[in-house]
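For reference, the structure discussed in these notes is given below.
Any value given below was found using the heavy atoms of this structure, including those in side chains, with hydrogens, waters and symmetry copies removed. Atoms within each ligand, like the ligands themselves, are counted from 1 in listed order.
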Amino acid sequence: MKIFSGSSSIDLAEEIAISINLILSSFELTVFTDGERRLRVLENVVDEDVIIIQSAGMPIDQNYMELFFMIDAINRSGAKSITIVVPYLGYQRQDHVFRDGEARSIEVIIKIIESMNIDKIVVLDLHSIKIPELFSIPMIHLSALSIFANRIKKEGWNNENTILISPDMGGIRRIKQISEILDNMPFATIDKNRDLLTGEVKSNVVTGEVRNRAIIIDDMISSGKTILAGSELLHLNGVKEIIVFATHPVFSDHAVKRLNNDLITKVFVTNSISVKLEDNSPKIEIISIAELIADYLRE
Ligand code: R5P
């Protein structure tokens, strides 16, 4: 078995490789002055089972193109099988047509991936339950929720002193899942509206009784507007301590500035996307998903 990483996931891939007793194999990557990328496999992969790890966070299109070129290079080099691990599947929020005339972008991405002769794709905490149905090749859907639940227990946040919060109605399934893992920790949901053109977020009401400590659970933080609007609403409703757990740190559009406010005590995210150095903040803690993925690959 050989394991490769694209340029977006090197740290995570190295952790995974160590965990499954492999050495990360390498590509040669040339970036031309016009931005075109040329990839070359530097190892013999004939008859090997190959794993490629590449997350599709920002720059999303570039990371996808690199993934497609990696798959092609490995295929041309005679691999026996290819499994791709895409911890963050970019475009997943465009999983349906919101307004007439729009593209269903995630379906386009999935069609491209499936046309490339791969055997399996491994993904993490997808935005909606509609997405797995769009795949016709084997798809493994892992979740960081149990890792989050373990951390919540370790911190001593329990059913007596804490409430879980979904920052929007779309997160209900997720919040019920983690509540079950945490012995039915009580939960409430925020009613949120997002302007489809401007991206502005308005959090209107919390359905459910709040407590002093609230833990917001979300699949991703992109602009941070959902978390900020939700935190302001919780604060108005009397919550004193707000903690956030979100799987994917997309961190677009000054998100970290929005998270660095006094209402929020701590933000936990995973390394499904590498957090840029300039986005490091004492408020943000990164929890690794390397073991979760390594456990699956070891099977
Ligand atoms: C929305 O349905 C998602 O679950 C996230 O809450 C949302 O995508 C986060 O985006 P942002 O950080 O830009 O508000």
Side-chain angles (χ1 to χ4, degrees), residues 55-60 86-99 102 104-106 109 123-132 134 141-145 148 164-179 187-208 214-235 242-261 263-264 266-270 272-276 279 281 283-286:
S55 204
M58 294 189 304
I60 296 174
V86 190
Y88 174 67
L89 192 73
Y91 286 106
Q92 58 180 283
R93 285 183 295 174
Q94 296 183 48
D95 58 352
H96 63 278
V97 172
F98 292 86
R99 295 166 303 166
E102 288 179 355
R104 195 184 189 190
S105 308
I106 192 59
I109 297 292
V123 294
L124 180 78
D125 282 339
L126 291 171
H127 178 62
S128 77
I129 48 169
K130 293 182 204 123
I131 302 170
L134 298 173
H141 188 187
L142 303 177
S143 174
L145 284 184
F148 290 167
L164 299 168
I165 301 280
S166 171
D168 51 39
M169 297 296 176
I172 287 181
R173 193 181 48 93
R174 195 174 305 119
I175 207 80
K176 282 185 179 162
Q177 273 175 344
I178 191 161
S179 158
F187 62 86
T189 309
I190 290 177
D191 177 26
K192 168 187 110 176
N193 287 317
R194 186 192 291 274
D195 185 309
L196 286 177
L197 280 183
T198 63
E200 287 316 306
V201 169
K202 201 162 184 307
S203 291
N204 303 313
V205 277
V206 193
T207 58
I215 301 182
I216 301 179
I217 307 285
D218 210 351
D219 56 341
M220 70 182 83
I221 300 175
S222 183
S223 65
K225 289 179 184 174
T226 298
I227 297 300
L228 181 59
S231 303
E232 284 167 351
L233 182 68
L234 291 171
H235 180 69
I242 298 170
I243 291 136
V244 179
F245 282 82
T247 305
H248 308 294
V250 179
F251 289 173
S252 64
D253 183 31
H254 310 293
V256 173
K257 268 194 192 158
R258 292 194 180 91
L259 301 176
N260 270 332
N261 72 71
L263 299 179
I264 300 169
K266 187 96 188 158
V267 178
F268 296 89
V269 291
T270 78
S272 71
I273 298 173
S274 303
V275 172
K276 294 192 289 293
D279 282 340
S281 147
K283 201 165 274 195
I284 297 171
E285 183 174 329
I286 298 167

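Residues passing the ring-ring contact (aromatic ring centres under 6.0 Å, His included) test with Tyr91: none are found, sequence neighbours excluded. In this structure His254 satisfies the ring-ring contact (aromatic ring centres under 6.0 Å, His included) test with no other residue, sequence neighbours excluded.
Contact annotation: the side chain of Ile273 never approaches that of Phe251 to less than 4.5 Å [non-hydrogen atoms, C-beta and beyond].
Ring-plane geometry between Phe245 and Phe268 is classed as parallel, the angle between the planes falling under 30 degrees on a 0 to 90 degree scale with a further cut at 60.
Summarising the geometry of Leu263 relative to Asn261, their closest heavy-atom pair is N-OD1, 2.7 Å, with the distance given to 0.1 Å.
Applying the salt bridge (Lys or Arg N to Asp or Glu O under 4.0 Å) test to pairs two or more places apart or on separate chains, those with a residue in residues 187-201 are Asp168-Lys192, Glu200-Lys225.
Listed by chain and number, Arg93, His127, Asp168, Lys192, Arg194, Asp218, Asp219, Met220, Ile221, Ser222, Ser223, Gly224, Lys225, Thr226 each place a non-hydrogen atom less than 4.0 angstrom from ligand 1.
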